[in-house]
Amino acid sequence: MEYIWYIIAALGAGIGTGLVGLSAATVMVPILIVLCPSFSGETGAYQATAIALASDILGSAVTTATYIKHKNIDLRRGWIMLVCIIGMCTLGSFAAWKAGNIVLGGFTLILTFCIGIRFLVKPTTEREQSVGKGSTLDWKGVAVSLFFGLTIGFGTGFVGSGGGMMMLVVFTAFLGMELKSAVGTSTFIMTSTALIASVSHILIHPAILLERWPVLLLCITVAIAASLVSARFANRVDSRTVGLVTGVVLTVLGAALILLHYWHLIATQPLTHSVLRCVGVFCVYIIVAASLALLLRKFARVPSYVFRKILHLIAFTALIVMQSTAGRWYIASLTALIFAAVVYPVLCAFEGRPWFDQLFVQKGTGEIKKSLLLLFLMDAALIALCWGGWNKPYIAVTSIIVWGTGDAAAALVGKRFGTHHIHIPHADPLKTWEGTGAMVVTAFLLTVVTLLLSTEIPFVFCLLTAVIVAPVSAAAELFSHNGNDTVSVPVTIAATLFLLSLFTL
(Lines give C-alpha, C1' and ligand atoms only; values in the text may rest on other atoms or scores of the structure.)
Protein backbone atom coordinates (compact mmCIF):
# COMPACT_ATOMS: atom_id res chain seq x y z
CA MET A 1 0.00 0.00 0.00
CA GLU A 2 2.85 2.38 0.77
CA TYR A 3 4.13 2.14 -2.81
CA ILE A 4 0.84 3.59 -4.02
CA TRP A 5 1.42 6.61 -1.79
CA TYR A 6 5.00 6.84 -3.08
CA ILE A 7 3.69 7.09 -6.64
CA ILE A 8 1.00 9.64 -5.69
CA ALA A 9 3.55 11.74 -3.80
CA ALA A 10 5.98 11.68 -6.71
CA LEU A 11 3.23 12.54 -9.20
CA GLY A 12 2.17 15.53 -7.10
CA ALA A 13 5.77 16.64 -6.69
CA GLY A 14 6.48 16.43 -10.43
CA ILE A 15 3.29 18.27 -11.36
CA GLY A 16 4.03 21.06 -8.87
CA THR A 17 7.56 21.45 -10.21
CA GLY A 18 6.44 21.58 -13.81
CA LEU A 19 3.51 23.94 -13.26
CA VAL A 20 4.97 26.68 -11.08
CA GLY A 21 8.47 25.56 -10.12
CA LEU A 22 7.52 24.24 -6.68
CA SER A 23 10.04 22.17 -4.78
CA ALA A 24 9.16 18.47 -4.83
CA ALA A 25 9.16 18.44 -1.02
CA THR A 26 6.17 20.78 -0.89
CA VAL A 27 3.94 17.87 -1.92
CA MET A 28 6.05 14.77 -1.35
CA VAL A 29 7.21 15.20 2.25
CA PRO A 30 3.75 15.76 3.83
CA ILE A 31 2.33 12.69 2.05
CA LEU A 32 5.23 10.45 3.03
CA ILE A 33 5.35 11.39 6.71
CA VAL A 34 1.56 11.31 7.21
CA LEU A 35 0.40 8.40 5.05
CA CYS A 36 3.44 6.10 5.03
CA PRO A 37 4.12 4.38 8.40
CA SER A 38 7.75 3.61 7.50
CA PHE A 39 8.47 7.36 7.48
CA SER A 40 6.96 8.01 10.92
CA GLY A 41 10.11 7.13 12.85
CA GLU A 42 12.66 9.39 14.45
CA THR A 43 14.35 10.31 11.15
CA GLY A 44 11.35 9.81 8.87
CA ALA A 45 10.85 13.47 7.96
CA TYR A 46 14.56 13.90 7.31
CA GLN A 47 14.62 10.87 4.99
CA ALA A 48 11.47 12.03 3.20
CA THR A 49 13.06 15.44 2.64
CA ALA A 50 16.19 13.84 1.18
CA ILE A 51 14.13 11.70 -1.22
CA ALA A 52 12.14 14.75 -2.30
CA LEU A 53 15.34 16.69 -2.91
CA ALA A 54 16.78 13.84 -4.97
CA SER A 55 13.57 13.73 -7.00
CA ASP A 56 13.94 17.44 -7.58
CA ILE A 57 17.32 17.04 -9.31
CA LEU A 58 16.25 15.40 -12.55
CA GLY A 59 12.65 16.63 -12.27
CA SER A 60 13.80 20.24 -12.14
CA ALA A 61 16.37 19.58 -14.86
CA VAL A 62 13.71 18.20 -17.21
CA THR A 63 11.41 21.11 -16.41
CA THR A 64 14.27 23.58 -16.97
CA ALA A 65 15.01 22.06 -20.36
CA THR A 66 11.40 22.60 -21.41
CA TYR A 67 11.47 26.24 -20.31
CA ILE A 68 14.82 26.78 -22.05
CA LYS A 69 13.31 25.34 -25.22
CA HIS A 70 10.57 27.97 -25.01
CA LYS A 71 13.19 30.65 -24.15
CA ASN A 72 11.66 31.20 -20.71
CA ILE A 73 14.76 31.56 -18.53
CA ASP A 74 16.70 34.63 -17.36
CA LEU A 75 19.93 33.86 -15.48
CA ARG A 76 21.28 37.37 -15.89
CA ARG A 77 18.79 38.56 -13.26
CA GLY A 78 19.00 35.37 -11.21
CA TRP A 79 22.69 34.58 -10.86
CA ILE A 80 23.09 36.23 -7.44
CA MET A 81 20.19 34.19 -6.09
CA LEU A 82 21.81 31.07 -7.55
CA VAL A 83 25.14 31.66 -5.80
CA CYS A 84 23.60 32.57 -2.42
CA ILE A 85 21.14 29.66 -2.39
CA ILE A 86 23.79 27.11 -3.28
CA GLY A 87 26.05 28.44 -0.53
CA MET A 88 23.39 28.09 2.20
CA CYS A 89 21.95 24.67 1.31
CA THR A 90 24.48 22.61 3.28
CA LEU A 91 24.00 24.68 6.43
CA GLY A 92 20.24 24.20 6.18
CA SER A 93 20.65 20.42 5.81
CA PHE A 94 22.72 20.23 8.99
CA ALA A 95 20.18 22.36 10.89
CA ALA A 96 17.37 20.04 9.74
CA TRP A 97 19.22 17.01 11.14
CA LYS A 98 19.53 18.74 14.51
CA ALA A 99 15.92 19.95 14.56
CA GLY A 100 14.40 16.49 14.73
CA ASN A 101 11.42 14.79 13.15
CA ILE A 102 8.61 16.55 15.06
CA VAL A 103 9.75 20.07 14.26
CA LEU A 104 10.63 19.30 10.65
CA GLY A 105 7.45 17.32 9.93
CA GLY A 106 5.05 19.86 11.47
CA PHE A 107 6.77 22.77 9.75
CA THR A 108 6.49 21.06 6.36
CA LEU A 109 2.76 20.35 6.75
CA ILE A 110 1.94 23.94 7.68
CA LEU A 111 4.15 25.30 4.89
CA THR A 112 2.29 23.24 2.28
CA PHE A 113 -1.06 24.64 3.44
CA CYS A 114 0.25 28.23 3.52
CA ILE A 115 1.72 27.98 0.01
CA GLY A 116 -1.66 26.76 -1.24
CA ILE A 117 -3.45 29.72 0.37
CA ARG A 118 -0.92 32.07 -1.18
CA PHE A 119 -1.66 30.82 -4.70
CA LEU A 120 -5.43 31.07 -4.13
CA VAL A 121 -5.24 34.61 -2.82
CA LYS A 122 -2.82 35.75 -5.52
CA PRO A 123 -2.49 33.25 -8.38
CA THR A 124 0.19 35.34 -10.06
CA THR A 125 2.71 37.83 -8.66
CA GLU A 126 3.67 39.42 -11.95
CA ARG A 127 4.01 43.18 -12.17
CA GLU A 128 1.81 45.02 -14.62
CA GLN A 129 4.94 45.73 -16.66
CA SER A 130 7.61 43.04 -16.49
CA VAL A 131 11.30 43.79 -16.98
CA GLY A 132 12.79 42.61 -20.26
CA LYS A 133 14.78 39.39 -20.31
CA GLY A 134 18.49 39.82 -19.72
CA SER A 135 18.15 43.26 -18.08
CA THR A 136 20.90 44.17 -15.64
CA LEU A 137 20.09 44.26 -11.91
CA ASP A 138 20.14 47.67 -10.25
CA TRP A 139 21.39 48.14 -6.67
CA LYS A 140 17.93 47.37 -5.24
CA GLY A 141 17.78 44.16 -7.24
CA VAL A 142 21.21 43.16 -5.96
CA ALA A 143 20.18 43.81 -2.33
CA VAL A 144 16.94 41.86 -2.76
CA SER A 145 18.79 38.96 -4.40
CA LEU A 146 21.36 38.78 -1.59
CA PHE A 147 18.79 38.86 1.20
CA PHE A 148 16.36 36.37 -0.26
CA GLY A 149 19.07 34.20 -1.73
CA LEU A 150 20.63 33.58 1.69
CA THR A 151 17.32 32.96 3.47
CA ILE A 152 15.81 30.80 0.72
CA GLY A 153 19.01 28.75 0.51
CA PHE A 154 18.90 27.94 4.21
CA GLY A 155 15.18 27.12 4.04
CA THR A 156 15.68 24.82 1.05
CA GLY A 157 18.32 22.84 2.90
CA PHE A 158 16.24 22.78 6.09
CA VAL A 159 12.82 21.62 4.86
CA GLY A 160 13.48 20.99 1.18
CA SER A 161 10.32 22.92 0.26
CA GLY A 162 9.21 26.49 -0.22
CA GLY A 163 12.33 27.45 -2.17
CA GLY A 164 10.70 27.26 -5.58
CA MET A 165 7.66 29.26 -4.52
CA MET A 166 9.75 31.89 -2.73
CA MET A 167 12.05 32.28 -5.72
CA LEU A 168 8.97 32.67 -7.90
CA VAL A 169 7.68 35.52 -5.71
CA VAL A 170 11.07 37.25 -5.62
CA PHE A 171 11.66 36.97 -9.35
CA THR A 172 8.20 38.26 -10.31
CA ALA A 173 7.22 40.71 -7.55
CA PHE A 174 10.68 42.12 -6.71
CA LEU A 175 12.87 41.59 -9.78
CA GLY A 176 10.14 42.11 -12.39
CA MET A 177 10.45 38.86 -14.34
CA GLU A 178 7.58 37.53 -16.42
CA LEU A 179 6.02 34.47 -14.72
CA LYS A 180 7.20 31.80 -17.13
CA SER A 181 10.75 33.19 -17.16
CA ALA A 182 10.65 33.22 -13.35
CA VAL A 183 9.53 29.57 -13.25
CA GLY A 184 12.25 28.54 -15.70
CA THR A 185 14.95 30.40 -13.78
CA SER A 186 13.83 29.07 -10.40
CA THR A 187 13.75 25.47 -11.64
CA PHE A 188 17.27 25.91 -13.05
CA ILE A 189 18.45 27.04 -9.63
CA MET A 190 16.51 24.24 -7.93
CA THR A 191 18.36 21.68 -10.03
CA SER A 192 21.66 22.76 -8.46
CA THR A 193 20.33 23.30 -4.95
CA ALA A 194 18.48 19.99 -4.92
CA LEU A 195 21.69 18.18 -5.90
CA ILE A 196 23.73 19.85 -3.16
CA ALA A 197 21.04 19.55 -0.47
CA SER A 198 20.27 15.89 -1.24
CA VAL A 199 23.97 14.95 -1.22
CA SER A 200 24.34 16.77 2.11
CA HIS A 201 21.37 14.87 3.57
CA ILE A 202 22.74 11.53 2.39
CA LEU A 203 26.24 12.22 3.71
CA ILE A 204 24.81 13.20 7.10
CA HIS A 205 22.45 10.18 7.15
CA PRO A 206 23.74 7.43 4.74
CA ALA A 207 20.76 5.12 5.53
CA ILE A 208 18.75 7.20 3.09
CA LEU A 209 20.70 5.68 0.20
CA LEU A 210 21.49 2.28 1.71
CA GLU A 211 17.99 1.44 2.97
CA ARG A 212 15.65 3.61 0.93
CA TRP A 213 17.08 3.19 -2.58
CA PRO A 214 13.93 1.46 -4.01
CA VAL A 215 11.74 4.35 -2.84
CA LEU A 216 14.33 6.83 -4.05
CA LEU A 217 14.48 5.31 -7.52
CA LEU A 218 10.68 5.07 -7.87
CA CYS A 219 10.06 8.65 -6.74
CA ILE A 220 12.72 10.07 -9.03
CA THR A 221 11.35 8.23 -12.08
CA VAL A 222 7.71 9.19 -11.50
CA ALA A 223 8.54 12.81 -10.62
CA ILE A 224 10.57 13.25 -13.82
CA ALA A 225 7.73 12.00 -16.02
CA ALA A 226 5.13 14.13 -14.22
CA SER A 227 7.25 17.30 -14.32
CA LEU A 228 7.88 16.89 -18.06
CA VAL A 229 4.16 16.64 -18.87
CA SER A 230 3.10 19.46 -16.52
CA ALA A 231 5.86 21.80 -17.76
CA ARG A 232 4.59 21.43 -21.33
CA PHE A 233 1.05 22.16 -20.09
CA ALA A 234 2.19 25.24 -18.11
CA ASN A 235 3.89 26.76 -21.15
CA ARG A 236 0.62 26.60 -23.10
CA VAL A 237 -1.94 28.08 -20.65
CA ASP A 238 -2.32 31.43 -18.88
CA SER A 239 -0.54 32.08 -15.58
CA ARG A 240 -3.71 32.65 -13.53
CA THR A 241 -5.10 29.21 -14.36
CA VAL A 242 -1.81 27.58 -13.37
CA GLY A 243 -1.74 29.48 -10.07
CA LEU A 244 -5.35 28.66 -9.17
CA VAL A 245 -4.94 24.96 -9.92
CA THR A 246 -1.82 24.86 -7.78
CA GLY A 247 -3.50 26.76 -4.95
CA VAL A 248 -6.55 24.50 -4.79
CA VAL A 249 -4.47 21.31 -4.78
CA LEU A 250 -1.97 22.47 -2.14
CA THR A 251 -4.59 24.01 0.15
CA VAL A 252 -6.76 20.89 0.18
CA LEU A 253 -3.72 18.63 0.50
CA GLY A 254 -2.18 20.66 3.32
CA ALA A 255 -5.41 20.93 5.31
CA ALA A 256 -6.20 17.22 4.91
CA LEU A 257 -2.72 16.09 5.93
CA ILE A 258 -2.63 18.43 8.95
CA LEU A 259 -5.92 16.95 10.15
CA LEU A 260 -4.71 13.40 9.59
CA HIS A 261 -1.36 14.02 11.27
CA TYR A 262 -2.75 15.71 14.36
CA TRP A 263 -6.17 14.05 14.57
CA HIS A 264 -5.21 11.94 17.61
CA LEU A 265 -4.62 15.21 19.48
CA ILE A 266 -7.54 17.14 18.02
CA ALA A 267 -10.16 14.43 18.55
CA THR A 268 -9.44 14.07 22.28
CA GLN A 269 -10.03 17.75 23.08
CA PRO A 270 -13.52 18.72 24.36
CA LEU A 271 -13.06 22.09 22.68
CA THR A 272 -12.86 20.35 19.30
CA HIS A 273 -16.30 18.82 19.64
CA SER A 274 -17.84 22.12 20.74
CA VAL A 275 -16.26 24.05 17.86
CA LEU A 276 -17.23 21.40 15.29
CA ARG A 277 -20.82 21.45 16.55
CA CYS A 278 -20.94 25.24 16.32
CA VAL A 279 -19.37 25.22 12.85
CA GLY A 280 -21.88 22.58 11.75
CA VAL A 281 -24.92 24.56 12.92
CA PHE A 282 -23.48 27.70 11.38
CA CYS A 283 -22.86 26.04 7.99
CA VAL A 284 -26.29 24.37 7.93
CA TYR A 285 -27.96 27.73 8.55
CA ILE A 286 -25.88 29.42 5.82
CA ILE A 287 -26.61 26.66 3.28
CA VAL A 288 -30.36 26.52 3.98
CA ALA A 289 -30.81 30.31 4.05
CA ALA A 290 -28.71 30.83 0.90
CA SER A 291 -30.62 28.10 -0.94
CA LEU A 292 -33.94 29.74 -0.07
CA ALA A 293 -32.60 33.11 -1.19
CA LEU A 294 -31.51 31.67 -4.55
CA LEU A 295 -34.93 30.09 -5.06
CA LEU A 296 -36.58 33.40 -4.19
CA ARG A 297 -34.41 35.23 -6.70
CA LYS A 298 -35.11 32.67 -9.42
CA PHE A 299 -38.89 32.47 -9.10
CA ALA A 300 -39.83 35.88 -7.65
CA ARG A 301 -37.43 37.90 -9.81
CA VAL A 302 -35.97 39.81 -6.89
CA PRO A 303 -33.98 42.90 -8.02
CA SER A 304 -30.20 42.59 -7.75
CA TYR A 305 -29.80 45.26 -5.07
CA VAL A 306 -32.48 43.58 -2.93
CA PHE A 307 -30.88 40.15 -3.36
CA ARG A 308 -27.55 41.65 -2.33
CA LYS A 309 -29.04 42.86 0.94
CA ILE A 310 -30.72 39.48 1.50
CA LEU A 311 -27.27 37.89 1.35
CA HIS A 312 -26.01 40.46 3.87
CA LEU A 313 -28.92 39.66 6.20
CA ILE A 314 -28.12 35.95 5.95
CA ALA A 315 -24.48 36.62 6.85
CA PHE A 316 -25.10 38.68 9.97
CA THR A 317 -28.06 36.60 11.22
CA ALA A 318 -25.83 33.53 10.85
CA LEU A 319 -23.42 35.20 13.26
CA ILE A 320 -26.24 35.61 15.78
CA VAL A 321 -27.16 31.93 15.40
CA MET A 322 -23.50 31.03 15.90
CA GLN A 323 -23.20 33.09 19.09
CA SER A 324 -26.36 31.58 20.58
CA THR A 325 -25.13 28.06 19.74
CA ALA A 326 -21.56 28.45 21.00
CA GLY A 327 -22.15 28.76 24.75
CA ARG A 328 -18.62 30.15 25.28
CA TRP A 329 -17.03 33.22 23.75
CA TYR A 330 -13.90 31.45 22.51
CA ILE A 331 -15.98 28.80 20.68
CA ALA A 332 -17.89 31.55 18.84
CA SER A 333 -14.68 33.42 17.98
CA LEU A 334 -12.98 30.27 16.71
CA THR A 335 -16.00 29.42 14.58
CA ALA A 336 -15.95 32.84 12.93
CA LEU A 337 -12.20 32.57 12.26
CA ILE A 338 -12.48 29.03 10.86
CA PHE A 339 -15.30 30.01 8.51
CA ALA A 340 -13.33 33.02 7.24
CA ALA A 341 -10.18 30.92 6.75
CA VAL A 342 -12.08 28.33 4.71
CA VAL A 343 -14.38 30.54 2.63
CA TYR A 344 -11.96 33.38 1.77
CA PRO A 345 -9.61 31.20 -0.36
CA VAL A 346 -12.63 29.63 -2.06
CA LEU A 347 -13.94 33.07 -3.05
CA CYS A 348 -10.45 34.01 -4.30
CA ALA A 349 -10.38 30.89 -6.47
CA PHE A 350 -13.75 31.54 -8.13
CA GLU A 351 -13.55 35.31 -8.37
CA GLY A 352 -13.43 36.52 -11.93
CA ARG A 353 -15.77 33.87 -13.27
CA PRO A 354 -18.77 35.35 -15.15
CA TRP A 355 -21.31 33.75 -12.80
CA PHE A 356 -19.53 35.03 -9.67
CA ASP A 357 -20.29 38.73 -10.15
CA GLN A 358 -23.82 37.91 -11.24
CA LEU A 359 -24.47 35.74 -8.19
CA PHE A 360 -23.01 38.02 -5.51
CA VAL A 361 -23.79 41.37 -7.18
CA GLN A 362 -20.32 42.81 -6.58
CA LYS A 363 -19.83 46.58 -6.65
CA GLY A 364 -16.20 46.10 -7.66
CA THR A 365 -13.52 43.44 -8.04
CA GLY A 366 -12.68 41.82 -4.70
CA GLU A 367 -15.54 43.56 -2.84
CA ILE A 368 -17.32 40.39 -1.69
CA LYS A 369 -14.25 38.58 -0.36
CA LYS A 370 -13.01 41.73 1.38
CA SER A 371 -16.40 42.35 3.03
CA LEU A 372 -16.70 38.74 4.16
CA LEU A 373 -13.21 38.67 5.62
CA LEU A 374 -13.73 41.97 7.46
CA LEU A 375 -17.14 40.84 8.75
CA PHE A 376 -15.98 37.59 10.31
CA LEU A 377 -12.69 38.94 11.66
CA MET A 378 -14.56 41.88 13.17
CA ASP A 379 -17.16 39.55 14.69
CA ALA A 380 -14.48 37.30 16.19
CA ALA A 381 -12.80 40.35 17.73
CA LEU A 382 -16.08 41.81 19.03
CA ILE A 383 -17.05 38.52 20.66
CA ALA A 384 -13.65 38.17 22.30
CA LEU A 385 -13.75 41.75 23.61
CA CYS A 386 -17.41 42.19 24.56
CA TRP A 387 -18.16 38.65 25.73
CA GLY A 388 -14.75 37.41 26.82
CA GLY A 389 -13.24 40.67 28.05
CA TRP A 390 -16.16 42.76 29.33
CA ASN A 391 -18.54 39.86 30.06
CA LYS A 392 -21.27 41.73 28.20
CA PRO A 393 -22.23 39.43 25.30
CA TYR A 394 -25.33 41.50 24.50
CA ILE A 395 -23.05 44.29 23.21
CA ALA A 396 -21.67 42.06 20.44
CA VAL A 397 -25.15 40.78 19.55
CA THR A 398 -26.72 44.24 19.50
CA SER A 399 -23.86 45.71 17.45
CA ILE A 400 -24.22 43.09 14.73
CA ILE A 401 -28.04 43.19 14.60
CA VAL A 402 -28.27 46.99 14.56
CA TRP A 403 -25.57 47.37 11.93
CA GLY A 404 -26.77 44.55 9.66
CA THR A 405 -30.46 45.41 9.64
CA GLY A 406 -29.92 49.16 9.72
CA ASP A 407 -27.52 49.04 6.78
CA ALA A 408 -29.98 46.95 4.78
CA ALA A 409 -32.85 49.34 5.55
CA ALA A 410 -30.73 52.36 4.60
CA ALA A 411 -29.71 50.79 1.28
CA LEU A 412 -33.19 49.61 0.30
CA VAL A 413 -35.00 52.83 1.25
CA GLY A 414 -32.24 55.00 -0.21
CA LYS A 415 -32.24 53.08 -3.48
CA ARG A 416 -36.04 53.17 -3.86
CA PHE A 417 -37.03 56.50 -2.36
CA GLY A 418 -33.80 58.45 -1.91
CA THR A 419 -33.88 61.75 -3.79
CA HIS A 420 -32.09 64.10 -1.39
CA HIS A 421 -28.36 63.38 -1.32
CA ILE A 422 -26.37 64.42 1.72
CA HIS A 423 -23.80 67.12 1.09
CA ILE A 424 -21.73 67.18 4.27
CA PRO A 425 -17.90 67.33 4.27
CA HIS A 426 -16.33 63.83 4.42
CA ALA A 427 -19.74 62.11 4.15
CA ASP A 428 -20.35 59.50 1.45
CA PRO A 429 -21.92 61.52 -1.42
CA LEU A 430 -24.00 58.49 -2.49
CA LYS A 431 -25.95 58.45 0.79
CA THR A 432 -29.38 60.10 1.03
CA TRP A 433 -31.38 61.62 3.86
CA GLU A 434 -34.14 59.08 3.25
CA GLY A 435 -31.74 56.13 3.64
CA THR A 436 -30.07 57.62 6.71
CA GLY A 437 -33.46 58.24 8.30
CA ALA A 438 -34.40 54.60 7.67
CA MET A 439 -31.26 53.49 9.45
CA VAL A 440 -31.96 55.74 12.45
CA VAL A 441 -35.48 54.33 12.84
CA THR A 442 -34.36 50.72 12.33
CA ALA A 443 -31.42 51.08 14.70
CA PHE A 444 -33.65 52.61 17.38
CA LEU A 445 -36.27 49.85 17.21
CA LEU A 446 -33.76 46.99 17.11
CA THR A 447 -31.66 48.39 19.94
CA VAL A 448 -34.73 48.50 22.17
CA VAL A 449 -35.93 45.02 21.18
CA THR A 450 -32.50 43.37 21.43
CA LEU A 451 -31.72 44.85 24.84
CA LEU A 452 -35.13 43.87 26.19
CA LEU A 453 -34.78 40.28 24.97
CA SER A 454 -31.13 39.69 25.87
CA THR A 455 -30.76 41.64 29.13
CA GLU A 456 -32.68 42.62 32.25
CA ILE A 457 -32.23 46.31 31.63
CA PRO A 458 -35.32 48.40 32.50
CA PHE A 459 -37.43 49.57 29.59
CA VAL A 460 -36.69 53.25 30.22
CA PHE A 461 -32.93 52.67 30.05
CA CYS A 462 -33.40 50.66 26.84
CA LEU A 463 -35.19 53.63 25.28
CA LEU A 464 -32.52 56.08 26.44
CA THR A 465 -29.78 53.85 25.08
CA ALA A 466 -31.54 53.49 21.72
CA VAL A 467 -31.99 57.27 21.47
CA ILE A 468 -28.19 57.62 21.55
CA VAL A 469 -27.17 54.48 19.62
CA ALA A 470 -29.49 55.11 16.63
CA PRO A 471 -28.02 58.45 15.45
CA VAL A 472 -24.47 57.39 16.33
CA SER A 473 -24.74 54.26 14.20
CA ALA A 474 -26.30 56.22 11.31
CA ALA A 475 -23.48 58.79 11.51
CA ALA A 476 -20.84 56.04 11.48
CA GLU A 477 -22.47 54.53 8.40
CA LEU A 478 -22.76 57.93 6.73
CA PHE A 479 -19.05 58.71 7.06
CA SER A 480 -17.80 55.25 6.07
CA HIS A 481 -16.43 54.81 2.55
CA ASN A 482 -15.47 51.88 0.29
CA GLY A 483 -17.31 49.23 2.28
CA ASN A 484 -15.52 50.00 5.56
CA ASP A 485 -18.88 50.26 7.36
CA THR A 486 -18.58 46.49 7.86
CA VAL A 487 -16.10 47.32 10.61
CA SER A 488 -16.64 50.97 11.50
CA VAL A 489 -20.37 50.78 12.30
CA PRO A 490 -20.41 47.68 14.57
CA VAL A 491 -17.28 48.88 16.39
CA THR A 492 -18.79 52.34 16.90
CA ILE A 493 -22.03 50.82 18.23
CA ALA A 494 -20.11 48.48 20.56
CA ALA A 495 -18.01 51.35 21.94
CA THR A 496 -21.17 53.45 22.49
CA LEU A 497 -22.97 50.63 24.29
CA PHE A 498 -19.96 49.98 26.50
CA LEU A 499 -19.68 53.64 27.54
CA LEU A 500 -23.40 53.79 28.26
CA SER A 501 -23.20 50.58 30.30
CA LEU A 502 -20.85 52.33 32.71
CA PHE A 503 -23.65 54.74 33.63
CA THR A 504 -27.02 53.20 32.88
CA LEU A 505 -26.83 49.47 32.10
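Side chains included, hydrogens not; waters and symmetry mates left out as well; all remaining heavy atoms used.
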Tell me which pairs pass side-chain hydrogen bond (donor to acceptor under 3.5 Å, both in side chains) where either residue lies in residues 402-413, with sequence neighbours left out.
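Matches after skipping sequence neighbours: K309-D407.
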Can you run down the side-chain hydrogen bond (donor to acceptor under 3.5 Å, both in side chains) pairs that involve residues 276-292, sequence neighbours left out, and say none if there aren't any?
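Only Y285-T317 qualify under side-chain hydrogen bond (donor to acceptor under 3.5 Å, both in side chains).
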Could you state the interatomic distance from [atom1] ([X]) to [atom2] ([Y]), rounded to the nearest 0.5 Å?
{"X": "S399", "Y": "L382", "atom1": "OG", "atom2": "CG", "result": "5.5 Å"}
{"X": "F376", "Y": "T335", "atom1": "CZ", "atom2": "OG1", "result": "10.5 Å"}
{"X": "L296", "Y": "L292", "atom1": "CG", "atom2": "CG", "result": "8.5 Å"}
{"X": "I395", "Y": "T496", "atom1": "CD1", "atom2": "OG1", "result": "10.0 Å"}
{"X": "S333", "Y": "M322", "atom1": "OG", "atom2": "CE", "result": "7.0 Å"}
{"X": "L451", "Y": "F459", "atom1": "CG", "atom2": "CZ", "result": "11.0 Å"}

Sub-4.5 Å side-chain heavy-atom contact between R328 and S274:
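Result no, sub-4.5 Å side-chain heavy-atom pair not found.
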Close side-chain approach of I422 to T432, heavy-atom, < 4.5 Å
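Not touching, per the 4.5 Å side-chain cut-off.
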With sequence neighbours excluded, what pairs up with H421 under the side-chain hydrogen bond (donor to acceptor under 3.5 Å, both in side chains) test?
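Expected list: none.
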Would you please name every residue forming a side-chain hydrogen bond (donor to acceptor under 3.5 Å, both in side chains) with T455, sequence neighbours left out?
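Result, side-chain hydrogen bond (donor to acceptor under 3.5 Å, both in side chains) vs T455: none returned.
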Side chain to side chain contact (heavy atoms under 4.5 Å, CB included) partner of V402, the single match among L497, V472, I493
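Exactly one pass, corresponding to I493.
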Test ring pair (Phe, Tyr, Trp, His ring centres under 6.0 Å) applied to F479 - qualifying residues, sequence neighbours left out:
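Ring pair (Phe, Tyr, Trp, His ring centres under 6.0 Å) list for F479, sorted by chain: empty.
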Does W390 have any ring pair (Phe, Tyr, Trp, His ring centres under 6.0 Å) partners at least two apart in sequence or in another chain, and if so, which?
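By the ring pair (Phe, Tyr, Trp, His ring centres under 6.0 Å) rule, W390 matches F498.
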Partner set under side chain to side chain contact (heavy atoms under 4.5 Å, CB included) for [X], not counting sequence neighbours:
{"X": "L334", "answer": "L271, V275"}
{"X": "A226", "answer": "L11, I15"}
{"X": "S454", "answer": "Y394, T450"}
{"X": "A293", "answer": "F307, I310, I314"}

Begin with the C-alpha distance, continue with both residues' side-chain angles, and end with the deciding distance and a verdict on side-chain contact (heavy atoms from CB on, under 4.5 Å) for L452 and I457.
CA-CA 7 Å; L452 286 174; I457 299 170; over 6 Å; no
Assess whether side-chain contact (heavy atoms from CB on, under 4.5 Å) is satisfied between V460 and L464, documenting all intermediate values.
CA-CA 6 Å; V460 174; L464 292 174; 4.2 Å; yes
Review item, side-chain donor-acceptor pairs of residues 439-449, under 3.5 Å, at least two apart:
| residue | atom | partner | partner atom | Å |
| --- | --- | --- | --- | --- |
| T442 | OG1 | A438 | O | 2.7 |
| T447 | OG1 | A443 | O | 2.6 |

Among residues two or more places apart or on two chains, list those pairs meeting salt bridge (Lys or Arg N to Asp or Glu O under 4.0 Å) that have a residue in residues 465-482.
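Non-adjacent pairs meeting salt bridge (Lys or Arg N to Asp or Glu O under 4.0 Å): K431-E477.
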